[in-house]
Participant: 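Sharing a structure here in structure tokens format.
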2 protein chains.
Amino acid sequence: MVAYVSDSFKKEIVQRMFRNFLDIMILNIVQDEPTWGYQIIKHVEEKYDIRLRHGALYPLLNNLERKQLLKRRKEAKGGRVRKVYEITSKGIQVVIAFNEFLQDYLQEQNTKTGI
Amino acid sequence: MVAYVSDSFKKEIVQRMFRNFLDIMILNIVQDEPTWGYQIIKHVEEKYDIRLRHGALYPLLNNLERKQLLKRRKEAKGGRVRKVYEITSKGIQVVIAFNEFLQDYLQEQNTKTGI
DNA sequence: TGAGATATGTCCCAAAGGGGACATATTGTA
DNA sequence: TACAATATGTCCCCTTTGGGACATATCTCA
């Protein structure tokens, strides 16, 4: 846990989200559209202003593939290797479970604070 | 990361949520109504079927108080000590930041998957 | 009076995880 | 031709975290 400072509250949350639920964040991104490691790093950097370490990402992608949450659709080449990942039905289930929990959680928040 | 098995997906998510965002989960519970450590443990066990270790919770509560996210309202006694916590305005900001991120995140999910 | 529930405190060891470094190869561009 | 960007792989050390244990005190009920 880091010090909470007014404006950086949200930034802090996003960072923790990516630190602790990186696998699910990745699944979400890949679900949106098939993509590859390097692009995921660029995407997250651009959208969330967060720097993912490739040293953490690539092993994770291989891991998710081993668990059959992702599948490597093709290796688009040109002399250069590129692993394009696609989400599996099992992967989608994980994303759905996550989203449902969040939905239930927020639902409660709303009923408590009066819509 | 643990193996994802169909039915236990959601359970798994809840556990990770409490493991990784325990502070915010606690802030939420306290925001709902002022309460104390022992009751939080019972509450979480009952509602989520998750066992919080008091060895982790009590230091965290003291920590949240030191950071002024919680304040100890009173020590209701009877010879026995009980620390009743209340959320602070700073604590509420953290909860709001968290909820807003989740809201934005789910919003995107919905627009992507069609409403 | 003795056991179980209530209530909180603190500490330590082992496991996990992340940051950073080391490594390699191709493509484009100045 | 040389550097920056693209693209992925792997490893290690250090910090963080959790689980479990040790500790204490009161209250209630059988």
Participant: Taking the side chain as every heavy atom from C-beta outward, state whether Thr35(A) and Val84(A) have any pair of such atoms under 4.5 Å apart.
Facilitator: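 Not touching, per the 4.5 Å side-chain cut-off.
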Participant: Run the ring pair (Phe, Tyr, Trp, His ring centres under 6.0 Å) test against Tyr38(B) and tell me which residues pass, sequence neighbours left out.
Facilitator: none
Participant: Does Tyr58(B) have any ring pair (Phe, Tyr, Trp, His ring centres under 6.0 Å) partners at least two apart in sequence or in another chain, and if so, which?
Facilitator: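 With sequence neighbours excluded, Tyr58(B) shows a ring pair (Phe, Tyr, Trp, His ring centres under 6.0 Å) to His54(B), given in chain and number order.
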Participant: Under the rule for side chain to side chain contact (heavy atoms under 4.5 Å, CB included), what residues qualify as partners of Asn62(B), not counting sequence neighbours?
Facilitator: Glu65(B), Arg66(B), Lys83(B), Tyr85(B)
Participant: Starting at the 5' end of DNA chain C, which residue's closest nucleotide do you reach first, Gly55(A) or Ala56(B)?
Facilitator: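 Comparing both residues, the 5'-ward one is Ala56(B).
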Participant: Under the side chain to side chain contact (heavy atoms under 4.5 Å, CB included) rule, collect the residues that match up with Ile92(B), sequence neighbours excluded.
Facilitator: Gln31(B), Ile87(B), Ile96(B)
Participant: Using the test side chain to side chain donor-acceptor pair (under 3.5 Å), find all partners of Glu100(A) that sit at least two apart in sequence or belong to another chain.
Facilitator: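 Per chain and number, Glu100(A) pairs via side chain to side chain donor-acceptor pair (under 3.5 Å) with Lys10(B).
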Participant: Rounded to whole angstrom units, what separation is found between the CG atom of Asp23(A) and the P atom of dA16(C)?
Facilitator: 16 Å
Participant: Taking the minimum atom-to-atom distance to the side chain of Arg82(B), which one of dA7(C), dG9(C), dG18(D) wins?
Facilitator: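 Side chain of Arg82(B) sits closest to dA7(C).
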Participant: May I ask you to evaluate whether Arg53(B) reaches the phosphate of dG20(D), defined as a side-chain N or O under 4.0 Å from OP1 or OP2?
Facilitator: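 Yes, within the criterion.
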Participant: Nearest to the side chain of His54(A), heavy atoms from C-beta on, is which of dG19(D), dT10(C), dT8(D)?
Facilitator: dT8(D)
Participant: Please determine if a side-chain N or O atom of Tyr58(A) lies less than 4.0 Å away from the OP1 or OP2 oxygen of dT8(D).
Facilitator: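 Checking Tyr58(A) against dT8(D): at least one side-chain N or O falls below 4.0 Å of OP1 or OP2.
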Participant: Listed in order of residue number, which residues of residues 35-48 of chain A have a non-hydrogen atom at under 4.0 Å from DNA chain C?
Facilitator: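 Close to the strand, none.
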Participant: Nearest whole angstrom, please: distance from the P of dG19(D) to the CG of Leu52(B).
Facilitator: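 In whole Å, dG19(D) P and Leu52(B) CG are 10 Å from each other.
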